[in-house]
> 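Input: one structure, supplied below.
Per chain, numbering begins at 1; letters A, B, ... match sequence-line order.
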Protein chains: 2
Amino acid sequence: MRIGELANQTGLTTKAIRYYEGIGVIPNAEREPNGYRDYDGSAVDRLEFVKDAQAAGLSLGEIEQILSLKDQGESTCGHVLSLLDSHVTDIDRQLGELRHMKARIVQISTRARQMDPASCTDPIRCQTLAITS
Amino acid sequence: MRIGELANQTGLTTKAIRYYEGIGVIPNAEREPNGYRDYDGSAVDRLEFVKDAQAAGLSLGEIEQILSLKDQGESTCGHVLSLLDSHVTDIDRQLGELRHMKARIVQISTRARQMDPASCTDPIRCQTLAITS
DNA sequence: CTTGACATTCCACCTGGCTGGAAGGTTTAT
DNA sequence: ATAAACCTTCCAGCCAGGTGGAATGTCAAG
């Protein structure tokens with residue numbers, strides 16, 4: 001299979017696939033005599049794994065880490081699970097930050113709306129955005 | 001006031017202040033005869049506004065938009081409020097995405113833990129990450 | 001007189017995940 | 001024969017919000 005068909009089967013672009021090879025997420029492809037990359041079916045599985053892992057919030061660096069362990073024959077499921085756990089922690093932290101930011105904006109917005117619009121034309125002077133807490 | 005003192009008073013770096021001037025978030029500073037930038041107290045207010053607006057999730061582009069309207073004498077508080085509203089919407093969207101991602105990871109993780117660890121050494125083959133829904 | 005702490009400009013680099021295009025070689029279809 | 005549709009490499013750029021460093025200028029104190 002050539003890179004175009006692999007791209008079709010995975011929904012990725014050829015650019016992205018070459019990029020993944022460049023950063024080591026997928027191994028260097030076999031080449032046809034003319035220099036074209038030649039893939040077998042396992043490439044599809046590997047790229048699907050990459051997509052799933054990205055959808056789960058893992059970075060390409062982390063994915064590369066998992067896959068290189070696997071390529072060395074290491075048992076990696078435990079590693080994947082601990083990465084997922086730390087991502088859940090990270091997501092919780094992001095959720096907290098976002099909720100905090102939302103509360104702050106709502107507070108600012110509510111306070112600003114209670115001011116007389118005629119007296120509030122300059123957001124610096126009337127402190128539309130100043131945080132009180 | 002020179003740029004170093006302005007940096008001290010606002011908690012920004014001199015680099016960041018020059019950068020803000022470069023992208024138009026703050027106007028070109030007056031210059032002393034030796035070429036040094038010379039600021040008055042309003043620069044502190046303006047930079048505090050920038051910090052508050054960033055803390056509220058506005059981008060420097062949006063902040064520049066607000067401040068250039070203000071510099072043209074436009075009434076901008078309403079504009080600021082509508083930007084804040086759209087940011088709340090955006091934060092809600094991000095919250096939804098994060099919650100969705102977390103649910104997906106927890107589901108994957110739970111399912112993977114129920115498998116026999118001895119039979120699960122390759123996350124591609126045993127589909128540690130495959131999404132079932 | 002020189003050292004150190006400021007200031008200036010400009011250009012490059014960083015993170016992450018790619019995408020675009022140039023310049024060329026190969027294969028396939030008409 | 002030739003055009004379209006592939007493929008190759010490499011270099012550049014994008015988003016945001018800056019940071020780092022080089023080369024140079026200015027100014028006050030010891």
Side-chain angles (χ1 to χ4, degrees), chain A residues 1-26 28-39 43 46-67 83 87 90-91 94 97-98 101, chain B residues 1-40 43 46-67 83 87 90-91 94 97-98 101:
Chain A
M1 181 183 0
R2 308 226 272 228
I3 198 171
E5 201 194 330
L6 181 59
N8 276 339
Q9 286 194 25
T10 56
L12 296 165
T13 63
T14 59
K15 285 277 191 190
I17 294 170
R18 288 193 201 94
Y19 172 71
Y20 290 163
E21 181 178 315
I23 63 172
V25 164
I26 56 175
N28 289 338
E30 301 287 312
R31 299 296 179 127
E32 294 176 15
N34 57 18
Y36 288 12
R37 288 175 178 80
D38 187 19
Y39 298 97
R46 193 163 178 126
L47 288 175
E48 293 294 341
F49 177 83
V50 172
K51 286 172 65 183
D52 288 343
Q54 277 190 300
L58 276 67
S59 70
L60 289 176
E62 288 165 329
I63 296 168
E64 196 227 311
Q65 200 183 326
I66 293 169
L67 290 176
L83 269 176
H87 269 278
D90 194 51
I91 287 172
Q94 288 179 55
E97 276 177 17
L98 277 179
M101 182 180 289
Chain B
M1 183 186 351
R2 309 223 272 227
I3 197 170
E5 200 192 330
L6 182 59
N8 276 338
Q9 286 194 26
T10 56
L12 296 165
T13 63
T14 59
K15 285 277 192 189
I17 294 170
R18 290 194 199 95
Y19 172 71
Y20 290 164
E21 181 179 315
I23 64 171
V25 163
I26 55 175
N28 289 339
E30 302 288 311
R31 298 296 178 126
E32 294 177 14
N34 57 17
Y36 288 10
R37 287 174 179 79
D38 187 18
Y39 297 97
D40 61 14
R46 193 162 179 125
L47 287 176
E48 292 294 341
F49 178 83
V50 173
K51 286 173 64 184
D52 289 343
Q54 278 190 301
L58 276 67
S59 70
L60 288 176
E62 287 166 330
I63 295 168
E64 196 227 312
Q65 199 182 328
I66 292 169
L67 290 176
L83 269 176
H87 269 277
D90 194 50
I91 287 172
Q94 288 180 53
E97 275 177 18
L98 278 179
M101 181 181 289

> Between D:dC7 atom C1' and A:Glu5 atom CD, what is the distance in whole Å?
14 Å

> Between the base of C:dG25 and the side chain of A:Tyr36, is there a donor and acceptor pair under 3.5 angstrom?
yes

> Rounded to whole Å, how long is the line connecting atom CG of B:Leu6 with atom C1' of C:dC6?
15 Å

> Starting at the 5' end of DNA chain D, which residue's closest nucleotide do you reach first, B:Gln54 or B:Arg2?
B:Gln54

> Looking at A:Thr10, is its backbone amide N or carbonyl O close enough to the side chain of A:Lys51 to form a donor-acceptor pair, meaning the two atoms are under 3.5 Å apart?
yes

> From the set C:dC18, D:dG17, D:dT19, return the single nucleotide nearest to any side-chain atom of B:Leu60.
D:dG17

> Expressed as a whole number of angstroms, how long is the span from B:Tyr19:OH to D:dG20:C1'?
15 Å

> According to a strict under-4.0 Å criterion, is B:Tyr20 in side-chain N/O contact with OP1 or OP2 of D:dG17?
no

> Could you please name the option among C:dA7, D:dG17, D:dT8 that lies closest to any side-chain atom of A:Arg18?
D:dT8

> Considering heavy-atom distances to DNA chain C, does A:Lys15 or A:Asn34 have its closest nucleotide positioned more toward the 5' end?
A:Lys15

> Atom CD of B:Glu32 and atom C1' of D:dG25: how far apart are they, to the nearest Å?
13 Å

> What are the two closest heavy atoms between A:Leu60 and A:Val25, and how far apart are they?
O-CG2, 3.8 Å

> Could you tell me whether a side-chain N or O of A:Asp38 sits under 3.5 Å from a main-chain N or O of A:Met1, the two making a donor and an acceptor?
yes

> B:Glu64 CD to D:dA16 C1': how many Å, rounded?
14 Å

> Please classify the nucleic acid contact of B:Ile3 as base, sugar-phosphate, or nothing, using heavy-atom distances under 4.0 Å.
sugar-phosphate

> Using whole Å, report how far CD1 of B:Ile17 lies from C1' of C:dA7.
13 Å

> Do any side-chain nitrogens or oxygens of B:Thr13 fall under 4.0 Å of OP1 or OP2 in D:dT19?
yes

> Could you give the CG-to-C1' distance, from B:Leu12 to D:dG17, as a whole number of Å?
12 Å

> Taking all non-hydrogen atoms of both residues, which atom of B:Ile63 and which atom of B:Gln54 are closest, and how far apart?
CD1-CG, 3.7 Å

> Please give, in whole Å, the distance from C:dC18 P to A:Lys51 NZ?
11 Å

> Taking only side-chain nitrogens and oxygens of A:Arg31, does any of them come within less than 4.0 Å of OP1 or OP2 of D:dT9?
yes

> Identify the two heavy atoms, one from A:Gly57 and one from B:Met101, that lie closest to each other, and give their separation to 0.1 Å.
CA-SD, 4.0 Å

> Can you figure out which of C:dC18, D:dT8, D:dG21 approaches the side chain of A:Arg37 most closely?
D:dT8

